Amino acid sequence: MVVLEVVLGLAFGLLIIFGGLLRWNEVRYRKKGLPPGTMGWPVFGETTEFLKQGPNFMKNQRARYGNLFKTHILGSPTVVCMDPELNRYILMNEGKGLVPGYPQSMQDLMGKWNISAVHGSLHKSMRRAMLRLIGPNMIKDQLISEIDEFLRSYLSNWSGKVIDIQEKTKELWCLSALQQIAGIETGPLANELKSEIMNLVLGTLSLPINFPGTNYHRGIQARRKIVSILEKLIKERVASPCSLNYMLDSLLRNDDDAKQKLNDEQIIDLVITVVYSGFETVSTTSMMAVKYLSEHPRALEELRNEQFDIREGKSPKDMLKWNDYKSMIFTRAVIFETLRLATVVNGVLRRTTQDMEMKGCIIPKGWRIYVYTREINYDSFMYPEPLAFNPWRWLDKNLESHQYFLAFGGGGRLCPGKELGIVEIAMFLHHFVTKYRWEEVGGDRLLKFPRVEAPNGLHIRIWDY
Ligand code: HEM
């Protein structure tokens, strides 16, 4: 009897404690004018529900609270915005105090000088440096031939094999970035950097708890190694300058005579940002394009015809040129449809630097805003039959520049690697479909949230075309 009373007492006590804990965040963040929503547990908030249920969590909360609701995720009070017009306004108005607001883990691993951590004139200098390194002129004059050469060698000897296209596209775009940045050829140094970069990427979406065994800890260690390798490389390049025009050398020479010359620490963070920002988005889109094309033979046929037309009149050794890329109209449409349907980027994060009013609600200073753009990708008004893979819809040019298409962000933070990313995926598809045919081995699972990935890989069997 006494035991039963103790157990009941304990259960009651725990109930009160849990109830109190669950109310804690609600009370802490109860302020007049805040958007509606729930805040979950202290510290963890609703992170578990958010990561587990992903888009369904967003949909359910929207159904209850509307397009603008509050929550507590990834360690911070956050307002989720699913209103297309407001999302666009937020991206266009950094100057009004809506600065990038990425999680602590990402800031720690990318470095304090990474482009999303800097604002104002330094941000402008970094963007200018970046656009000079990866913008259309550089693509035309240099990068397109480097990428072409790299793809030819990387995509050779795949016939007769079963490969994991996820692993291959990740490795491909990571190694290609290292080549573009500093001319690092495939070999032991590139392989070491590649595995450290993979660890760094994994750590960027983790709780910032620096404890052995956590992704964050592995990420921090990876960053240390990458920084030390880059420091050594910079010393070597300063001692004996490289005559070739790799990104690193161009930054060290300060080619554009920037008033605000970047120091070594800033150059290192910029290099890490270029590798990080480019390689995951481009590799995921390459993988998903292969997947959608294998499921849609008519689209594959049209894309293949376009690519064979481009090869007509060229010898097998002839490189692709800028004009060839510009004529890949259908291939570009496939890339945009892949970005949309797979939602490679489901949103971007901002932070308020002062109290702000939006749609009649107050967003307090220091809160995050999750500019959630995923839902608009499936809007049936903008994209009739939104769940169908239909690249032809992009042949109407206006769709690409539609004000609510935000796969590359918008405003002053619009992706500076947009054109390069499209060029890379288009060139990959060119070599892949003109060289090979393939089929999925089957049975592989795909996750779409928080990042698009195949947890056990995406295996395909390959033959010569
Ligand atoms: C399919 C490919 C790509 C997609 C979908 C994509 C998407 C995005 C998005 C949505 C943003 C905005 C982030 C924000 O507003 O906070 C962004 C920014 C950025 N992207 Fe990309 N990106 C791609 C390829 C690349 C490539 C290839 C590079 C570099 C080689 C790159 C470098 C960057 C950088 C440096 C920023 C930050 C710009 C700033 O803060 O001013 N991206 N990208």
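For ligands, and for the atoms within them, numbers begin at 1 and follow the listed sequence. The chain is numbered in sequence order, starting from 1. Model, not experiment: these values are computed from the prediction.
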Going by distance only, is there an N or O of [X] that falls short of 3.5 Å from an N or O of ligand 1?
X	result
T285	no
S116	no
R413	yes

Ligand 1 contact by [X], heavy-atom criterion under 4.0 angstrom:
X	result
P100	no
M126	no
V344	no
Y102	yes

Got the closest protein heavy atom to [atom], with its distance?
atom	value
atom 23 (C) of ligand 1	T281 OG1, 3.4 Å
atom 18 (C) of ligand 1	C415 CA, 3.7 Å
atom 37 (C) of ligand 1	I115 CG2, 3.6 Å
atom 30 (C) of ligand 1	V274 CG1, 3.7 Å
atom 7 (C) of ligand 1	A407 O, 3.5 Å
atom 11 (C) of ligand 1	F408 O, 4.0 Å
atom 33 (C) of ligand 1	S277 CB, 3.4 Å

Identify whether the distance between the nearest side-chain nitrogen and carboxylate oxygen of [X] and [Y] falls below 4.0 Å.
X	Y	answer
R152	D148	yes
K291	E295	yes
R340	D379	no

Exercise for the section: Dump the intermediate steps for ring pair (Phe, Tyr, Trp, His ring centres under 6.0 Å) on F50 and F449, then the final yes or no. Expected result: CA-CA 10 Å; F50 163 71; F449 197 86; 5.4 Å; yes

Exercise for the section: Verify ring pair (Phe, Tyr, Trp, His ring centres under 6.0 Å) between W394 and F330, making sure each step is shown before the conclusion. Expected result: CA-CA 8 Å; W394 293 93; F330 187 71; over 10 Å; no

For ligand 1, which atoms have a heavy atom of [X] less than 4.0 angstrom away?
X	answer
I134	29 (C), 30 (C)
G278	25 (C), 26 (C), 27 (C), 28 (C)
P416	19 (C), 20 (N), 33 (C), 34 (C), 35 (C), 36 (C), 38 (C)
R350	14 (C), 15 (O), 16 (O)
M130	35 (C)
H123	39 (C), 40 (O), 41 (O)

Practice task
From the options M247, K124, E419, R127, select the one whose nearest heavy atom is closest to atom 39 (C) of ligand 1.
Solution key: R127

Practice task
Only pairs at least two apart or in different chains count here, so list each salt bridge (charged side-chain N to carboxylate O under 4.0 Å, His left out) that has a residue in residues 180-195.
Solution key: E171-K194

Problem - Within residues 344-359 or reaching into it, pairs that qualify as salt bridge (charged side-chain N to carboxylate O under 4.0 Å, His left out) - sequence neighbours excluded - result: D83-K359

Does either side chain, that of [X] or that of [Y], offer a donor lying less than 3.5 Å from an acceptor on the other one?
X	Y	answer
E306	T331	yes
Y378	T343	yes
E337	N390	no
Q179	E149	no

Practice task
Enter the distance from L193:CG to L230:CG here, rounded to the nearest 0.5 Å.
Solution key: 6.5 Å

Completion exercise
Within the 4.0 Å heavy-atom cut-off, what A177 brings close to ligand 1 is neither

Practice task
Would you check if the side chain of N87 reaches a backbone N or O of Y372 as a donor-acceptor pair within less than 3.5 Å?
Solution key: yes

